[in-house]
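Please read all numbers here as calculations on a predicted model, not as lab measurements. Side-chain atoms are counted along with the backbone in the values below, which use heavy atoms only and exclude waters and symmetry mates.
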Amino acid sequence: MAEASRSHPSRYVKLTKDQDASASGPGVEDIRPGELNLPVAVPQLERMKCFECGQVLPESHRAPADEPWTTGIFGCAEDPESCWTGLFCPCVLFGRNIQALREDIPWTTPCTCHAVCVEGGIALAILTAIFHGVDPDTSVLIGEGLVFGWWLCSIYTGNFRLQLQRRYHLENSPCPPGIVHCCFPWCANCQEHRERKGRLAESSVVPMTIINPPPLQEMSMVENNAPTSDNEASKVPYETLG
């Protein structure tokens, strides 16, 4: 063992007290407890994921460019049914759009929120303007509250418009979703319904190939018994000869 240690000297170097003190001096940072267990970012392992479903995308994937809307913001007359519904019952049309976009949300929930916040705020503003007996200071406070509530409702309704744009890769036209619903709420509601209706109609038309199954084949008992009887007949001479 002594000869082996002489022929193969140790690779470790023993430090003196001065060298050990200089190595652990103030210039060297101590490792804190748990610091070695922190995650390390490895760029080679980072993959792109889909924003909607979270599925890992291939490296050759390129995000599609934003497409224009199939109809304009003021093209309400192109679909008379949604135009009349959005004019007199915008809360119902909004609820249907949300239910088609989010299957986990029933259409009654956004319809009720829209009716209370938007239609209720408009009714309150009209009543405040009609009855002049309201104190001017109170009218100003009511007006400020309505403006603030209108802005909040625009953010709420614009959020679903943003989800529709992300699903179909639509551009901000004519402006961001929140501003569209703030300035043109009825037109934006009808436009989203037309866009969703047109996209679903295009995706539903899929060519189908009809394949007829082969006819049912059955084997009768006569066919099964015929070869067995022949085999039994052929065995008879051998048995007699034996």
To the nearest 0.5 Å, how far apart are CD1 in I155 and CG in L162? 12.5 Å
Any side-chain hydrogen bond (donor to acceptor under 3.5 Å, both in side chains) involving residues 141-155? Give me the pairs, sequence neighbours left out, ordered by first then second residue. none
Besides I179, the hydrophobic cluster formed by Ile, Leu, Val, Met, Phe, Trp and Tyr side chains linked at under 4.5 Å, directly or via other members, contains none
Going by side chain to side chain contact (heavy atoms under 4.5 Å, CB included), name the residues that satisfy it together with C187, two or more places apart in sequence or in a different chain. I73, F74, C76, F184
Show me the donor-acceptor pairs, under 3.5 Å and distance only, between side chains in residues 118-126 and residues at least two apart or in other chains.
unit_1 : atom_1 : unit_2 : atom_2 : d
E119   : OE1    : H114   : ND1    : 3.1
E119   : OE2    : H114   : ND1    : 3.3

Kindly state each residue pair satisfying salt bridge (Lys or Arg N to Asp or Glu O under 4.0 Å) with at least one member in residues 168-195, sequence neighbours excluded. R161-E192, E195-R199
Which heavy atom of C83 sits nearest to which heavy atom of C190, and what is that distance? CA-SG, 4.1 Å
So which atom in P90 and which in W186 form the shortest heavy-atom distance, rounded to 0.1 Å? CG-NE1, 3.5 Å
Can you name the residues that form a side chain to side chain donor-acceptor pair (under 3.5 Å) with N159, not counting sequence neighbours? none
Contact between F94 and T157 at the side-chain level, heavy atoms closer than 4.5 Å - yes or no? yes
Sorted by chain and number, sequence neighbours left out, side chain to side chain donor-acceptor pair (under 3.5 Å) with S82 holds for D79
To the closest 0.5 Å, what do you measure between OG (S173) and CD (E67)? 13.0 Å
Would you call I105 and P110 a side-chain contact if the rule is heavy atoms closer than 4.5 Å? yes
For V180 and A188, which heavy atoms make the closest approach, and how far apart are they? CG1-CB, 3.5 Å
Walk me through it: do L101 and R196 pass the test side-chain contact (heavy atoms from CB on, under 4.5 Å)? CA-CA 9 Å; L101 188 63; R196 178 185 58 80; 5.6 Å; no
Could you list the cluster mates of V92? Members are the ILVMFWY residues connected by side-chain heavy atoms closer than 4.5 Å, either directly or through other members. W107
Hey, what else clusters with L87 if you join Ile, Leu, Val, Met, Phe, Trp, Tyr whenever side-chain heavy atoms sit under 4.5 Å? W84, F88
Can you run down the salt bridge (Lys or Arg N to Asp or Glu O under 4.0 Å) pairs that involve residues 99-115, sequence neighbours left out, and say none if there aren't any? R102-D104
Going by the rule side chain to side chain donor-acceptor pair (under 3.5 Å), which residues pair with T112 if we only count those two or more places apart in sequence or in a different chain? none
